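Below, each value reflects all heavy atoms present in this structure, side chains not excepted, and no hydrogens, waters or symmetry copies. Just so it is clear, the structure is predicted and the values come from calculations on it, not from any experiment. Naming convention: chains lettered A, B, ... in sequence-line order (proteins, then strands); numbering from 1 in each chain.
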Protein chains: 4
Amino acid sequence: MSSGKRVNIGIVGLGYWGPNLVRNFSEVSNCYVAMACDSDEGRLKPIKRRYPYVEVTTRYEDLVSSKDIDAIAIATPVVSHYELAKYALEKGKHVLVEKPLCANVKEAEDLMKISQSQGKILMVDHTFLYTGSVRKAKELISRGEIGELYYFDSVRINLGLFRPDVNVIWDLAPHDISIAQYLMKEEPVSVSVLGRDFSNNKIACIAYMTLRYKSGIIAHIHVSWLSPVKIRRIIIGGSKKMIIYDDVEPTEKIKVYDSGIEFDYDKENPLQPTYRLGDINLPRLGQREALLVEAEHFVDCILKGEKPLTDAAFGLAIVKVLEAGDISLKEGGREVKL
Amino acid sequence: MSSGKRVNIGIVGLGYWGPNLVRNFSEVSNCYVAMACDSDEGRLKPIKRRYPYVEVTTRYEDLVSSKDIDAIAIATPVVSHYELAKYALEKGKHVLVEKPLCANVKEAEDLMKISQSQGKILMVDHTFLYTGSVRKAKELISRGEIGELYYFDSVRINLGLFRPDVNVIWDLAPHDISIAQYLMKEEPVSVSVLGRDFSNNKIACIAYMTLRYKSGIIAHIHVSWLSPVKIRRIIIGGSKKMIIYDDVEPTEKIKVYDSGIEFDYDKENPLQPTYRLGDINLPRLGQREALLVEAEHFVDCILKGEKPLTDAAFGLAIVKVLEAGDISLKEGGREVKL
Amino acid sequence: MSSGKRVNIGIVGLGYWGPNLVRNFSEVSNCYVAMACDSDEGRLKPIKRRYPYVEVTTRYEDLVSSKDIDAIAIATPVVSHYELAKYALEKGKHVLVEKPLCANVKEAEDLMKISQSQGKILMVDHTFLYTGSVRKAKELISRGEIGELYYFDSVRINLGLFRPDVNVIWDLAPHDISIAQYLMKEEPVSVSVLGRDFSNNKIACIAYMTLRYKSGIIAHIHVSWLSPVKIRRIIIGGSKKMIIYDDVEPTEKIKVYDSGIEFDYDKENPLQPTYRLGDINLPRLGQREALLVEAEHFVDCILKGEKPLTDAAFGLAIVKVLEAGDISLKEGGREVKL
Amino acid sequence: MSSGKRVNIGIVGLGYWGPNLVRNFSEVSNCYVAMACDSDEGRLKPIKRRYPYVEVTTRYEDLVSSKDIDAIAIATPVVSHYELAKYALEKGKHVLVEKPLCANVKEAEDLMKISQSQGKILMVDHTFLYTGSVRKAKELISRGEIGELYYFDSVRINLGLFRPDVNVIWDLAPHDISIAQYLMKEEPVSVSVLGRDFSNNKIACIAYMTLRYKSGIIAHIHVSWLSPVKIRRIIIGGSKKMIIYDDVEPTEKIKVYDSGIEFDYDKENPLQPTYRLGDINLPRLGQREALLVEAEHFVDCILKGEKPLTDAAFGLAIVKVLEAGDISLKEGGREVKL
């Protein structure tokens with residue numbers, strides 16, 4: 001076990017996302033990528049070639065039983081998250097798990113309990129919360145510039161890979177649900193999902209999710225694997241200003257509109273709002289790679305014993321929404337209380 | 001009454017849309033704008049100044065009782081459509097009424113019956129169906145280029161004028177509902193609407209409408225008066241190609257993507273679709289003003305005794321969706337059968 | 001002659017631009033459109049129909065000899081500007097003439113002298129100087145926000161109408177030359193033009209114009225009638241900030257970049273500049289139609305006896321650049337001193 | 001020396017571009033990255049860490065004297081290209097050198113001769129010629145779809161790094177000059193360059209280059225390190241169609257406009273062209289990384305003894321334009337014959 005001044009990390013799952021974890025944790029000071037694991041031996045070779053000092057293995061047991069490893073990052077299919085994370089936590093490892101935390105609420109609650117009883121960090125890889133764009137939106141909302149939040153509207157569509165294991169909600173919506181959860185002070189009270197599949201496999205590839213909040217805010221999330229164009233745009237409407245976060249833009253991702261509606265209670269018809277158009281501002285955003293910021297945060301929380309931003313409780317809340325969303329989807333879009 | 005070789009038209013309602021009707025009917029050959037009417041005398045002056053030959057009046061009775069007038073175009077608030085159209089039809093006039101046809105299904109059915117018993121044309125001003133863009137989309141779908149339709153997704157949002165008389169669905173969604181109805185061979189079987197208002201007047205200014213069809217198609221329509229940016233974009237997904245109709249683009253409004261998903265039933269996993277990317281084509285579109293095309297169509301139908309594209313039955317179907325949408329909106333988004 | 005409290009105006013030339021003058025001067029208070037003139041009788045009819053109170057004529061003499069007319073606006077082909085303006089000024093009329101002022105420097109100087117000796121206003125219709133966009137750019141430069149100006153780069157290209165009377169420089173570049181002249185405190189010292197024609201008529205339809213200034217600023221203007229896309233974009237680089245003015249954007253026309261290069265003279269290599277990236281601001285712009293603002297300015301200057309922004313001296317400077325540009329064009333792009 | 005069935009390559013210069021060469025040559029079959037060299041030892045470490053099998057050295061002699069190495073790729077500052085390439089060729093190595101080939105025409109001619117006398121390949125890394133976009137443009141022009149070429153207009157501007165060794169022309173314009181040379185059948189007959197520097201170091205950071213061709217084509221290239229926005233757009237006008245190549249677009253880089261001007265010699269005024277607007281097509285482009293395509297081409301030419309697309313003669317022609325461009329720049333934009 002490390003002295004507490006450096007975190008030795010092992011990474012499991014070297015498909016699409018895992019190599020990004022290897023690359024970014026390699027660049028975190030106070031961190032050492034000690035081991036990488038995948039059941040597919042073919043995926044170990046490129047890692048070994050590029051990071052010759054990293055030990056590679058096809059057996060997950062090697063990671064969890066290694067005394068040199070303090071933390072494990074999991075980038076395997078969702079269905080395996082629970083078993084892998086549980087095993088690691090029980091063996092006294094801190095755990096970072098790719099979003100979503102796991103495949104259902106029961107598993108998520110169980111993992112949270114285990115991490116608490118073990119006194120180990122369980123963090124979920126909700127990467128967007130570590131981007132300069134979302135941080136800037138949070139900053140603007142926190143210091144009151146946007147005013148009271150009215151709505152959150154996200155479109156995240158593309159001609160994307162159809163995943164055989166999860167539907168489009170579990171694949172794409174965790175990004176939006178986590179961003180909404182971070183930006184708002186409240187949790188949704190209900191969720192509805194309308195979706196459509198186009199094959200006999202019954203896996204929805206287009207979905208419209210609506211989250212309702214006690215304050216009246218509506219968050220609407222449109223996700224699709226079947227759009228001819230890539231759109232990744234969130235509009236946040238507030239009583240003072242409005243934000244457009246266009247993630248497809250290479251640099252000008254956040255636009256703040258000093259525009260909105262106004263009620264003039266001295267007027268003849270006080271209930272008839274008027275609109276106001278003002279300047280638009282595109283703030284300079286932090287340019288560091290989000291996954292690096294996140295990897296540093298994970299290492300930092302381990303070394304300082306602090307609670308991560310996207311901890312188990314945060315990840316559990318997302319899984320609750322997804323699970324309820326699946327019920328709503330199956331029942332034709334019925335509003336499901338949370 | 002005219003000899004049948006020319007249509008004499010009277011226009012009632014000279015607010016925002018009416019002057020456009022005056023201007024366009026003035027340019028239709030075989031048509032003569034004989035009279036214009038508004039209860040607000042101040043609105044008559046600019047019409048008289050620009051079209052000195054047009055007779056103006058504040059009394060609607062002058063139009064309906066004039067023997068020289070064959071047809072009346074109505075551009076007044078929705079709530080008045082029924083009374084004005086009924087009166088005109090009963091007096092033997094052909095009628096063009098601004099969208100939506102009227103304020104509820106009962107009125108619409110009644111108007112349709114009267115127009116039938118009177119043998120007069122009742123046409124609804126669903127202008128978008130007369131644009132080069134929608135015509136091109138229809139043409140592509142009709143000749144099978146798009147294949148089987150999968151979905152229809154429309155976003156029509158802006159920082160717009162809040163209307164005191166109707167909510168955002170009645171204001172903006174008729175455009176999208178009418179386009180969907182024109183492009184598809186089937187009518188929706190149910191509608192759900194989630195919306196939000198931001199004032200004590202309880203008039204929804206943001207709404208998400210979902211139409212479901214027997215074939216499985218979903219049409220989703222997002223309308224809003226409270227967006228910092230103007231977006232008017234419809235995506236139509238098909239089994240062969242996909243169309244993006246971006247009405248904010250000045251000329252390149254229609255993009256046809258030769259892209260989509262494919263199922264290869266000879267593969268190991270036939271249910272796992274793959275995607276295909278091909279060329280994109282931007283067809284040259286007709287550039288004539290839609291309202292002029294529509295005005296000519298109305299005059300033509302009168303002179304030839306033909307059924308207009310957007311006749312009373314067409315307009316009634318839209319009102320059915322809107323009325324059911326209002327019920328759904330009030331009941332928190334419940335799916336309402338049509 | 002009017003009492004001095006109202007300006008009676010006559011408009012000559014009712015092709016593309018003239019009807020816009022009629023429409024806008026009609027909306028100016030203290031102004032009355034008394035007469036409209038075109039040698040082509042067919043162009044008089046639509047004016048008479050829309051503005052029945054306006055007297056129409058095919059004889060220019062009717063305008064200049066009318067005692068009721070105080071001012072004449074000229075919207076005829078460039079080659080006729082001199083004769084028409086001279087005649088009007090000599091008959092004691094104030095004159096507004098479409099850009100460019102006339103076809104060569106000699107004519108322009110002559111017109112300026114006549115207007116001075118007659119004590120009548122001679123104003124040139126450089127419409128862009130009356131837009132909210134150019135006004136905002138001027139305001140930013142004037143109050144020092146942009147810092148020292150480094151360059152002015154304009155691209156104004158389109159698939160446009162080939163004009164038989166003037167080349168693309170005389171057609172499009174007056175916009176950019178006038179904007180540059182308004183925004184800068186200095187006049188260019190030389191001009192070079194490279195161009196190309198594509199037919200036996202020897203009329204350049206693509207041109208690159210470069211203006212050089214004593215301070216070192218370069219203004220580069222690319223104009224073309226032969227581009228598949230419409231681009232109207234001016235970039236203004238300064239030592240503190242940079243402006244992009246994109247006139248194709250419907251509303252977000254002006255973007256101010258708080259970015260630039262910096263020299264740090266305390267550094268090891270003080271001559272090696274570094275760059276700085278900051279916020280981007282899109283200021284709210286005035287939305288009034290430029291031609292209306294300009295028409296009001298013309299009427300105002302007449303009534304108050306003030307010098308217009310785009311007076312004869314301003315217009316003469318533009319003609320000087322155009323004339324020298326033609327020489328450069330004929331001589332293959334040689335730098336011609338001004 | 002290798003058996004001729006595999007190319008062993010050494011790479012010198014591991015600053016910005018060199019690591020890309022290492023990465024791409026590593027992926028070429030029949031190729032082995034044997035050695036990497038940089039005088040700065042700090043740059044060797046990350047290469048060694050990621051490619052542990054690659055031998056690293058700070059001494060260029062190690063590469064040229066190694067009997068195991070067949071070819072050397074040079075990615076050092078321009079000023080050193082000549083010496084390094086000469087040394088390698090004389091030692092019997094094939095050479096790939098980063099664009100531009102070298103710092104002046106004399107050096108380029110000398111290198112070409114040496115490569116010929118040694119019977120070794122000297123290829124220049126004009127990467128853009130290996131992109132799917134430029135290949136598609138070439139294909140369209142070659143099969144006559146564009147018709148006769150009229151003009152080539154390129155804008156390649158950004159807020160970029162000011163380079164202390166070369167001006168903006170030598171840094172950015174080689175891309176455009178090489179693309180123009182590839183797409184056209186002829187070489188330019190003259191070049192003019194207008195530029196501006198903003199510091200005492202006298203290194204131009206904004207430049208407008210014009211190339212003239214015997215056929216009348218004009219190629220205009222605007223390069224800048226001092227633009228607030230990144231624009232990389234080439235417009236190619238032809239008698240039948242026009243191409244826009246927008247390299248900032250993530251995928252829709254090539255648009256083919258079926259638009260242009262037409263002369264109708266049967267008309268009353270045959271010299272007055274009219275314009276024609278047709279469909280726009282965005283062809284599907286090859287998605288392979290250009291540098292990989294290029295690396296394979298280099299290896300292929302060595303193994304098969306073929307002449308590369310961007311051989312020494314090609315690279316020499318680019319240097320001729322750059323050298324003449326520098327003369328023109330110093331003489332204030334004078335047209336310099338080639």
Discussion item. Heavy-atom pairs under 4.5 Å with chain C - which of D:Lys255, D:Met242, D:His220 has more of them than the others?
Written reply: D:His220
Worksheet item: Do side-chain atoms of C:Tyr257 reach the backbone of D:Ser227 as a donor and acceptor pair under 3.5 angstrom?
Response: no
Worksheet item: Closest approach of D:Tyr150 and C:Leu226, non-hydrogen atoms and distance?
Response: CD1-CD2, 3.7 Å
Fill in: Under 4.5 Å from any heavy atom of chain C - which part of D:Ile231
side chain
Fill in: Donor-acceptor contact present, side-chain D:Arg196 to main-chain C:Ile218, <3.5 Å
no
Worksheet item: Closest heavy-atom contact between C:Gly332 and D:Arg212?
Response: O-NH1, 2.7 Å
Discussion item. Which one wins on heavy-atom pair count under 4.5 Å against chain C: D:Val229, D:Asp153, D:Ile243?
Written reply: D:Asp153
Fill in: D:Arg334 (side chain) donor-acceptor with C:Glu335 (main chain) under 3.5 angstrom
no
Worksheet item: With a 4.5 angstrom heavy-atom cut-off, which part of D:Ile235 approaches chain C: side chain, backbone, both or neither?
Response: side chain
Discussion item. If we define contacts as heavy-atom pairs under 4.5 Å, which of C:Ile217, C:Val155, C:Leu277, C:Ile157 has the most with chain D?
Written reply: C:Ile217
Discussion item. With a 4.5 angstrom heavy-atom cut-off, is it the side chain or the backbone of D:Ile280 that approaches chain C, or both, or neither?
Written reply: neither
Worksheet item: Checking heavy atoms, do the side chain of D:Ile206, its backbone, both or neither come under 4.5 Å from chain C?
Response: side chain
